[in-house]
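Working notes, beginning with the structure itself.
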Amino acid sequence: MIELLEMCGYETAEAEADLPRIKRAFDKLGITDGDIERGQQRLAKYYDIELKGVRKIFRLCLRELVNSVLAREDGKRKVIFGFMAPLFDVVGAAAMAGSPEVLAAHQCWAYLTVVSGIFGKNVPVLEAAERCWLKAGTVAHCANVKTLVGLMVQGRLPRPDLLVSTGYSCETAPKTLDLLHELYGIPVFCFDTCVDRAPREYDAESQRMLEMAALGMRTFTAKVGEVVGFEITDDTLRAVLAAKNEVNEVMDRLRDIRENSDPLVLSATHDSLLMALNSLTLTLGELPEAADALNTLCAEIQARVDSGVGVVAKGAPRVLTILPAHHADPRLEHLVGELGISLAASDFWFMVPYQGDKSDPYVEMSQHLQGSMASCLSRRIPLIIEGCRRLKIDGLLNTYHVGCRTVAGDAVMIGKEVGRELGIPVLSLEWENFDSRVYNQEQYQRRLEVFKSMMDSRR
Amino acid sequence: MWAERLAEHLKDRTAQLEESREGGKKIIGYFPGDYVPEELIVAAGAVPLCLISAGDASSLEASLTAIPNLFCPFARAQVGEKLLKRDPYYRLVDMLVAPITCQHLKKTAEIWEYHGDVEVFKLGVPHQHGHDFELEYYTDRLKVLRERLEAFTGKKITDEAISEAIELYNRLRRLLRQISELRRAPSPPVSTLDFVKLNHASFCADPAFMVEILEEAFNDFSQRPAQPAAGVPRLLLIGPCIGQGDYRTLELINDTGGEVVIEEVCEGIRYYWHEISRNGDPLTALAAGYLKDRVPPAFLRYSTRARLDFAMKLIKEFDVSGVIWYELLGCETYDSESYYFDRELGTRNIPMLILESDYGTTGVGQVGTRLEAFIEMVRGGPEL
């Protein structure tokens, strides 16, 4: 166990001190000694553990997971979980800044990174959810939502004082919260906006939509204040946002280095790690640790650029993937790299610049709605095409998460239009971004090999 | 007879609409779900046309070139019809008003928008309405729709015109409800299949003409001599939508010896169960009426309990002894909710059968067998 913790960025002394807590948390999560050994092997195989920055990110994920699982044992009086609630981490951090008795965490990013990414052991949790209302089969419920339900019904996470979600791009999450409330009495809250922008006059339309989102978020903050017993002020939110922006700046720098590197300096398996870090609910004291982890990683991959070291061969075909990397299983991204394809970027991070006033912290927090996934099809397709051109992309890996109607709904048109406009090969893969059971090595390998040969033949 | 007159009207309707269009009238299509006030369209001197064609596998096939089959068949049918361009009603549409309700219809609207040959207005629908700003947002979007319709038709929409249209549609809704409620009788004078078809007709017929027809139909049904109960299990059908043409399940239920006496579907009871207030500012009344004062659909936040309560009310009022949960394949909210309803109704000894439909492309025989077994089980009734 100590070795695993060291691979996850713990110093030996810290690992020894935290070991009893981590063991208790792992027991609750069903992680056995056999899993620990397997976890070490997976860490070594799928991630650049030799990079200190990567280890530091794993450490932050592991710590948040343990804190969530043991929140009640740790004496947290108020436990608030967010789920599919972008920028929950900002409000959560503000709540934790007001009282050490509050624990806020945005599920299930840390859980998926650790239990599924490292140990490959999320299936029993998914199956528990499928025995409830998120049944397996053609309805294709999102496995992220299944993970939350499985964790709740199995009691692997403590019962929260408030469980929060949004419906920005999802109906399953809010409906699931509704059912968790009706069936288990868990207090829940949803905040929303209307994603109804027209491509024409997009800036003005965005301003209207973001202002609506800001109003919704204010109701959320008020609700959190009600639960924790003190007001979450705009000043506290601004302080968290300032610290978060420092993290974001390094994240942007890191992405810039990676996306423009040849050979690719960091494999795509780390995309989900970066996304998890982006969504962790870190306190004001922890946010500088996140910035430090990313700064460390930036320096390390810059050193790789400078010395021409990469994770695939120089000149490998450059691919843009739709959606971020798999959140619960590093195998596909690893396979892509093994086949000599440079998975250089994801459209998930493409943003439509916002022209409106961001002085309201809530409008600032709602900027994620300017991202590719939240954009309407008529705006998203040009954004992707422009990104392909800018990044000199040779092919599009059009993975679409079947559990999410918002992203799956665009897949056919994206594939068609990118192929038509740019003439590059497009490989569409029906996919579940949170369920490791979809992985099919033989099928993926064959399709990726054909995809690569198509890209090679165009060069 | 009203039925012949209606059939004649519908037969000529597309020709009438084409003529109106040549005369400068605009045809405004909209998706069902009861969030697009026809009143505004009528007040603009345009023709509202609900796009509700569904039930045919070929439109689903056609849709696959634009949208994956994870989407509910109703949404895919709206994409398929758009691409096929075979349905005259769909070809007539000058502008589409698409309520942004569930993700399925949202994406459908975006695909229509991407094709760019028809103006699309996406009408934002707040998914909850517990705060003032949510109603204000919807009211504001209706104001923008009003302006857009004015610009599109070249006709000023006055408050008086909206009020008149509200009166017209209130009459239409009231009549539909009156006819629907006749099915409380032990032996209903109107079958649910006929009622659903009548409701569908109201979405494409001229509304003033439709009011006349519904009045005659109501009088006709009311005057039919009361029949003793036929001993057929009385069923409530709950689902997101019954498309125009999606009649196979209702037919199968009849064929297997059951009778749906009331249906809770978005384009049905949500549409006709409530009227719009005629007091105060008409646009405000429309916003409140369409957003708040209706049966909540499954996608609405915190709606599950309210929906169960409403179903229980229908079960009592219509003397229902079993529930058919008519789910469109891929609809995640109804699929989730089915678990809760099955469980809650089970505790009240009300049996429920879940049927998933992709418009008959799979297992009609299997559905029939399941229905037979269910109806057999239902005979005996609930212990309320």
Contact part of [X] toward chain A, heavy-atom cut-off under 4.5 Å: side chain, backbone, both or neither?
| X | answer |
| --- | --- |
| B:L308 | neither |
| B:L70 | both |
| B:V120 | neither |

So which part of [X] gets closer than 4.5 Å to some heavy atom of chain B, the side chain, the backbone, both or neither?
| X | value |
| --- | --- |
| A:A408 | both |
| A:C170 | backbone |
| A:L177 | neither |
| A:L134 | side chain |

Those residues at least two apart in sequence (or on a different chain) that pass side chain to side chain donor-acceptor pair (under 3.5 Å) with A:Q154 are A:R156
Closest heavy-atom pair, A:C194 versus B:G124, reported as atoms and distance to 0.1 Å, is SG-C, 3.9 Å
In short, A:G409 meets B:I111 closest at the heavy-atom pair O-CD1, 4.5 Å
Between chain A and chain B, going by a 3.5 Å limit, which atoms form donor-acceptor pairs, if any?
from, atom 1, to, atom 2, distance (Å)
A:K135, NZ, B:D335, OD1, 2.7
A:H141, NE2, B:D335, OD2, 2.6
A:E171, OE1, B:Q103, N, 2.9
A:K175, NZ, B:A298, O, 2.9
A:K175, NZ, B:S303, OG, 3.3
A:K175, NZ, B:T304, OG1, 3.0
A:K175, NZ, B:E337, OE2, 2.7
A:D178, OD2, B:S303, N, 3.1
A:D178, OD2, B:T304, N, 3.0
A:D178, OD2, B:T304, OG1, 2.5
A:E182, OE1, B:R305, NE, 3.3
A:C190, N, B:Y302, OH, 2.7
A:C190, O, B:Q128, NE2, 3.0
A:D192, OD1, B:R301, NE, 3.3
A:D192, OD1, B:R301, NH2, 2.9
A:D192, OD2, B:Q128, NE2, 2.6
A:D192, OD2, B:R301, NE, 3.1
A:D196, OD1, B:Y137, OH, 3.0
A:D196, OD2, B:G124, N, 3.3
A:D196, OD2, B:Y137, OH, 2.8
A:R197, O, B:K122, NZ, 2.5
A:R208, NH1, B:Y137, OH, 2.4
A:L377, N, B:E110, OE1, 3.1
A:R405, NE, B:L70, O, 3.3
A:R405, NE, B:G330, O, 3.4
A:R405, NH2, B:G330, O, 3.0
A:T406, O, B:K107, NZ, 3.2
A:T406, OG1, B:Q103, OE1, 2.8
A:D410, OD1, B:K107, NZ, 2.9
A:K416, NZ, B:T65, O, 2.7
A:E417, OE1, B:Y114, OH, 2.9

Highest number of heavy-atom pairs under 4.5 Å with chain B among A:C404, A:G167, A:A140 belongs to A:G167
Looking only at A:C190, A:G216, A:A411, the option with the highest number of non-hydrogen pairs under 4.5 Å against chain B is A:C190
Per-residue tally against chain A (heavy atom, under 4.5 Å) across B:A109, B:A98, B:G330 peaks at B:G330
Looking only at B:C102, B:A298, B:C331, most heavy-atom pairs under 4.5 Å shared with chain A are made by B:A298
